[in-house]
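To start, the structure under review is shown below, and the notes come after it.
Per chain, numbering begins at 1; letters A, B, ... match sequence-line order.
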There are 2 protein chains.
Amino acid sequence: MDISHTEENYLKAIFKISERDGKPASTNAISTEMNTSAASVTDMVKRLSDKALIHYERYRGVTLTELGEETATHLIRKHRLWEVFLVDKLHFSWDEVHEIAEQLEHIKSAGLVERLDEYLGFPKFDPHGDPIPDADGNFVIRKQVLLSELKREEQGVVVGVQDHTTAFLQYLDRMELVLGTPVKLLEYFDYDESMRVLINGEREQVLSKKVCQNLFVQKQ
Amino acid sequence: MDISHTEENYLKAIFKISERDGKPASTNAISTEMNTSAASVTDMVKRLSDKALIHYERYRGVTLTELGEETATHLIRKHRLWEVFLVDKLHFSWDEVHEIAEQLEHIKSAGLVERLDEYLGFPKFDPHGDPIPDADGNFVIRKQVLLSELKREEQGVVVGVQDHTTAFLQYLDRMELVLGTPVKLLEYFDYDESMRVLINGEREQVLSKKVCQNLFVQKQ
DNA sequence: ATACATTTTTAGACTAACTTAAAAAAATAT
DNA sequence: ATATTTTTTTAAGTTAGTCTAAAAATGTAT
Ligand SMILES: [Mn+2]
Ligand SMILES: [Mn+2]
Ligand SMILES: [Mn+2]
Ligand SMILES: [Mn+2]
């Protein structure tokens with residue numbers, strides 16, 4: 001009993017939603033995430049339940065079973081390792097790799113992921129700063145906060161993004177706010193919740209509320 | 001109008017059959033190659049024809065249009081480049097890569113193939129000695145003959161295989177008849193059409209008719 | 001407690017890709 | 001030239017995944 005491309009994408013969506021919301025994934029949440037109708041979700045959810053990949057009770061939302069969670073985690077592992085490959089080896093930029101990895105994550109092969117992992121030097125984070133689960137599905141948890149949560153004069157280093165859109169990633173490239181860049185909060189403006197920050201110890205810049213709420217930093 | 005995974009595999013099959021047989025691919029030939037029923041082929045062939053990928057006339061077999069041939073060639077390019085990646089970079093052996101490349105060839109991305117090609121150093125042949133078409137679909141044609149076509153005392157170097165099965169590839173590994181190995185025909189036995197050859201200038205070995213008819217060499 | 005709004009499910013229908021069985025066309029043999 | 005065999009197509013049906021529209025269940029507000 002193997003799992004289709006489509007089923008795999010649903011599992012990942014359910015994993016993502018449950019993690020974000022801390023509760024069972026609703027039909028509507030899944031349909032939004034997957035860009036399908038609610039009716040399609042109900043349909044798929046029955047099939048995933050038959051395959052023991054999720055727990056499903058009518059009108060009550062769904063949660064992943066252990067098998068479902070393993071599958072989802074393994075997919076995330078593959079997705080993020082392929083992203084590292086595309087950026088580190090093929091020199092794609094971080095805003096170009098998601099769509100390709102979305103396809104590559106579905107490649108089925110016994111040894112491929114492990115060999116890829118070794119080839120890449122067992123990276124712990126992907127190009128967007130997201131942790132790469134190990135072969136057993138364990139994530140490294142990093143102590144990180146949103147840039148918007150920094151206090152005046154606090155320092156941090158950019159370690160990840162919450163928003164993965166091309167628009168945001170390209171904006172960050174433009175601002176030279178790539179992963180690893182040190183930032184220090186100089187001033188907070190109550191008016192529009194924007195912040196004046198010192199980037200890389202050398203350049204001052206005002207960043208909007210939206211930007212600050214989508215950038216993860218590790219306090220120094 | 002984009003082409004599905006399945007349609008792509010049919011195009012490759014049609015390309016392969018036409019090349020091998022030098023005539024339009026019959027419904028039965030395609031169904032054998034694709035492991036589907038003849039009825040499924042008729043069905044698919046209509047769709048491919050609607051998409052202007054093949055020329056199809058009932059009961060007359062099919063040939064690729066220019067668009068169809070371009071698509072097939074591009075797929076072969078991707079398949080073989082991925083095989084090189086798997087062997088050269090991830091250290092898979094040549095009998096393990098076909099199935100994985102069969103999936104990887106369907107990844108859709110604007111720049112991926114070209115970057116992969118560059119990353120691999122623009123290889124001209126895949127791990128089985130098959131030529132890799134360039135971005136315009138042009139193959140390098142190599143002057144090669146079957147080992148069985150060598151005359152007594154003639155020398156050659158192993159450059160490819162006709163049979164791509166795991167069984168044959170592993171047999172060749174066992175015999176140390178990998179690509180690049182020099183072979184010299186010492187003796188031909190009429191009785192069973194087997195041959196005694198000198199491998200790598202140092203070891204004599206009798207090879208069966210079947211082996212000799214599936215191994216390509218370049219005369220020296 | 002009832003009415004209204006929202007969410008979810010069901011019903012019915014579509015497409016791509018597949019199947020088997022029967023019919024039709026083409027190829028081969030007598 | 002006719003009969004037989006082989007190949008191909010058509011017909012009818014299945015499954016995965018999708019949709020819209022309607023019905024049912026759940027949640028919220030007065
Ligand atoms: Mn995906
Ligand atoms: Mn990522
Ligand atoms: Mn394929
Ligand atoms: Mn090959």
Give a yes/no answer on whether the side chain of B:Y56 brings an N or O atom under 4.0 Å of OP1 or OP2 in D:dT9.
yes

Ignoring hydrogens and angles, state whether a donor on the side chain of A:W94 or A:D126 is under 3.5 Å from an acceptor on the partner side chain.
no

Taking five pairs at each terminus, the helix from C:dA1-D:dT30 to C:dT30-D:dA1 shows an axis bend, to 10°, of 10°

Take the protein atom OH of B:Y59 and the nucleotide atom C1' of D:dT9, then report the distance between them rounded to whole Å.
4 Å

At a heavy-atom distance below 4.0 Å, which nucleotide of DNA chain C is the first touched by chain B, and which is the last?
C:dA16 to C:dA26

Residues forming a side-chain hydrogen bond (donor to acceptor under 3.5 Å, both in side chains) with B:S37, sequence neighbours excluded
B:S40

Cation-aromatic face contact A:R115/B:F92, 6.0 Å, 45 degrees
yes

Throw together a table of side-chain donor-acceptor distances under 3.5 angstrom for residues 48-61 of chain A, partners on residues two or more places apart or in other chains.
unit_1 : atom_1 : unit_2 : atom_2 : d
A:K51  : NZ     : A:D2   : O      : 3.0
A:K51  : NZ     : A:E7   : OE1    : 2.9
A:K51  : NZ     : A:E7   : OE2    : 3.0

In residues 9-34 of chain A, what residues come within less than 4.0 Å of DNA chain D, judged by heavy atoms?
A:Y10

Between A:E8 and A:K108, does at least one N-O distance fall below 4.0 Å, as a salt bridge requires?
yes

Name every residue in residues 38-55 of chain A that has at least one heavy atom under 4.0 Å from any atom of DNA chain D, in order of residue number, or write none if there are no such residues.
A:A39, A:S40, A:D43, A:M44, A:R47

Heavy atoms under 4.0 Å, any strand shown: does B:T6 hit a base, just sugar-phosphate, or nothing?
sugar-phosphate

Answer yes when A:K12 and A:E102 have at least one side-chain N-carboxylate O distance shorter than 4.0 Å, and no when they do not.
yes

Cation-pi check for B:F139 against B:R77: NZ or CZ below 6.0 Å from the six-membered ring centre and within 45 degrees of the axis, yes or no?
no

Is A:R20 positioned over the aromatic face of A:F15, cation under 6.0 angstrom from the ring centre and no more than 45 degrees off axis?
no

With DNA chain D as reference, determine whether B:E57 or A:N35 sits nearer its 5' end, using the nearest nucleotide of each.
B:E57

Run the salt-bridge test on A:E193 and A:K209 with the 4.0 Å N-O cut-off and return the result as yes or no.
yes

